[in-house]
Novice: 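Supplied in structure tokens, the structure appears directly below.
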Amino acid sequence: MDQSLFFFTSLLIFIGALLRFVISKLFSFSLYSWGTLVVNALACLLMGLCLALTLMHTLDTKLLTPIYGLLGALSTFSTFSHDTLMLYRNNGILLATINIFANIFLGLASFALGFFSVVYFL
């Protein structure tokens with residue numbers, strides 16, 4: 001990997017982590033972990049867009065590493081896991097189960113929305 005790509009990727013990873021922190025704080029107003037759900041859905045949506053653009057040859061594949069770095073830092077499986085366990089511990093299995101299904105369903109739906117919006121509208 002050349003140095004400019006390495007530093008660009010590192011910068012986008014930093015930006016993704018910073019965005020995750022800011023978005024999580026903006027959506028931390030209730031018992032439920034809305035911030036984690038929002039950042040994961042947003043990352044999936046953007047990943048779907050990027051994959052479709054790449055497959056249609058309108059996005060240079062050299063940009064995939066930095067973009068996936070940004071989206072990987074933005075989304076957060078470890079926080080999703082932690083939030084789910086804390087919901088289970090503090091509120092029981094129902095809210096924890098809803099959190100699991102909400103993250104999985106919304107993630108897949110967001111990815112599909114991003115992917116197919118490019119495929120069908122570009």
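Basis for what follows: all heavy atoms, side chains included, without hydrogens, waters or symmetry-related copies.
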Novice: To the nearest 0.5 Å, what is the distance between OG on Ser28 and CD1 on Ile23?
Specialist: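 It is 12.5 Å, given to the nearest 0.5 Å.
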Novice: Can Leu45 and Phe111 be said to form a side-chain contact (heavy atoms from CB on, under 4.5 Å), step by step?
Specialist: CA-CA 4 Å; Leu45 174 74; Phe111 182 89; over 6 Å; no
Novice: Taking a hydrophobic cluster as the set of Ile, Leu, Val, Met, Phe, Trp and Tyr residues connected by side-chain heavy atoms closer than 4.5 Å, whether directly or through intermediates, do Met47 and Phe77 fall within one such cluster?
Specialist: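 Shared cluster, no.
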Novice: Does any non-hydrogen side-chain atom of Phe27 lie less than 4.5 Å from one of Leu37?
Specialist: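 No; the side chains remain at least 4.5 Å from each other.
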Novice: Within this structure, what is the CZ-OG distance for the pair Phe80 and Ser33, rounded to the nearest 0.5 Å?
Specialist: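 Separation between the atoms: 9.0 Å.
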Novice: Side chains of Thr36 and Asp83: donor-acceptor distance under 3.5 Å anywhere?
Specialist: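 Judged by distance alone, the side chains do pair up.
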Novice: Which value, rounded to the nearest 0.5 Å, describes the distance between Leu113 atom CG and Leu108 atom CG?
Specialist: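 The CG atom of Leu108 is 12.5 Å from CG of Leu113, to the nearest 0.5 Å.
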Novice: Report the distance from atom OG1 of Thr9 to atom CZ of Phe6, rounding to the nearest 0.5 Å.
Specialist: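 Atom-to-atom, Thr9:OG1 and Phe6:CZ are 8.0 Å apart.
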Novice: Test of understanding: clusters of I, L, V, M, F, W, Y form through side-chain heavy atoms closer than 4.5 Å, transitively. Do Trp34 and Leu85 belong to the same one?
Specialist: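 No, no single cluster joins them.
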Novice: Do Leu122 and Leu64 sit in one hydrophobic cluster, given that two such residues count as connected whenever their side-chain heavy atoms are within less than 4.5 Å of each other, even indirectly?
Specialist: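 Result: yes, single cluster for both.
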Novice: Can a donor-acceptor pair be found, under 3.5 Å and without considering hydrogens, that links the side chain of Arg20 to the backbone of Val39?
Specialist: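 No; zero donor-acceptor contacts below 3.5 Å.
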Novice: Does the pair Val118 and Met56 meet the rule for a side-chain contact (heavy atoms from CB on, under 4.5 Å), with working shown?
Specialist: CA-CA 9 Å; Val118 169; Met56 296 177 71; 3.5 Å; yes
Novice: Heavy-atom count check: over 12 atoms from other residues, nucleotides or ligands less than 6.0 Å from Tyr88 OH?
Specialist: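 Atom OH in Tyr88 is not crowded, with 12 or fewer foreign heavy atoms closer than 6.0 Å.
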Novice: Quiz question: by atom type and distance under 3.5 Å, do the side chains of Thr76 and Thr79 form a donor-acceptor pair?
Specialist: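 Their side chains do contain a donor-acceptor pair, which is all the 3.5 Å distance test asks for.
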Novice: For the residue pair Ala17 and Ala73, what are the closest heavy atoms and their distance?
Specialist: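 What the structure gives for the nearest pair is N-CB, 3.6 Å.
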Novice: Just to verify, which of Leu87, Asn90, Ile100 counts as forming a side-chain contact (heavy atoms from CB on, under 4.5 Å) with Leu95?
Specialist: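 Single side-chain contact (heavy atoms from CB on, under 4.5 Å) partner of Leu95 among Leu87, Asn90, Ile100: Leu87.
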Novice: Is Leu70 reachable from Leu11 through a run of I, L, V, M, F, W or Y residues, each pair having side-chain heavy atoms under 4.5 Å apart?
Specialist: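 Yes, one cluster joins them.
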Novice: SG of Cys50 to CG of Leu71: how many Å apart, nearest 0.5 Å?
Specialist: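 Result: 5.5 Å between the selected atoms.
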Novice: With a 4.5 Å heavy-atom cut-off, do Phe115 and Leu49 have their side chains touching?
Specialist: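 The answer is no, as the side chains (C-beta and beyond) never meet within the 4.5 Å cut-off.
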Novice: Quick check against the 3.5 Å criterion: does Thr58 have a side-chain atom that pairs as donor or acceptor with the backbone of Leu53?
Specialist: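 Yes.
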Novice: Is there a path from Met86 to Leu94 through hydrophobic residues (I, L, V, M, F, W, Y) whose side chains come within less than 4.5 Å of each other?
Specialist: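 Unlinked, Met86 and Leu94 end up in two clusters.
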Novice: Which distance, rounded to the nearest 0.5 Å, do you find between the CG of Leu74 and the CG of Asn40?
Specialist: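 Rounded to the nearest 0.5 Å, the CG-CG separation comes out at 8.0 Å.
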Novice: Can you check whether Leu63's main-chain N or O pairs, donor with acceptor, with Asp60's side chain at less than 3.5 Å?
Specialist: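 Checked: no pair found.
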Novice: What side chain to side chain donor-acceptor pair (under 3.5 Å) pairs are there with at least one residue in residues 108-121, not counting sequence neighbours?
Specialist: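 The answer is none; no pair qualifies.
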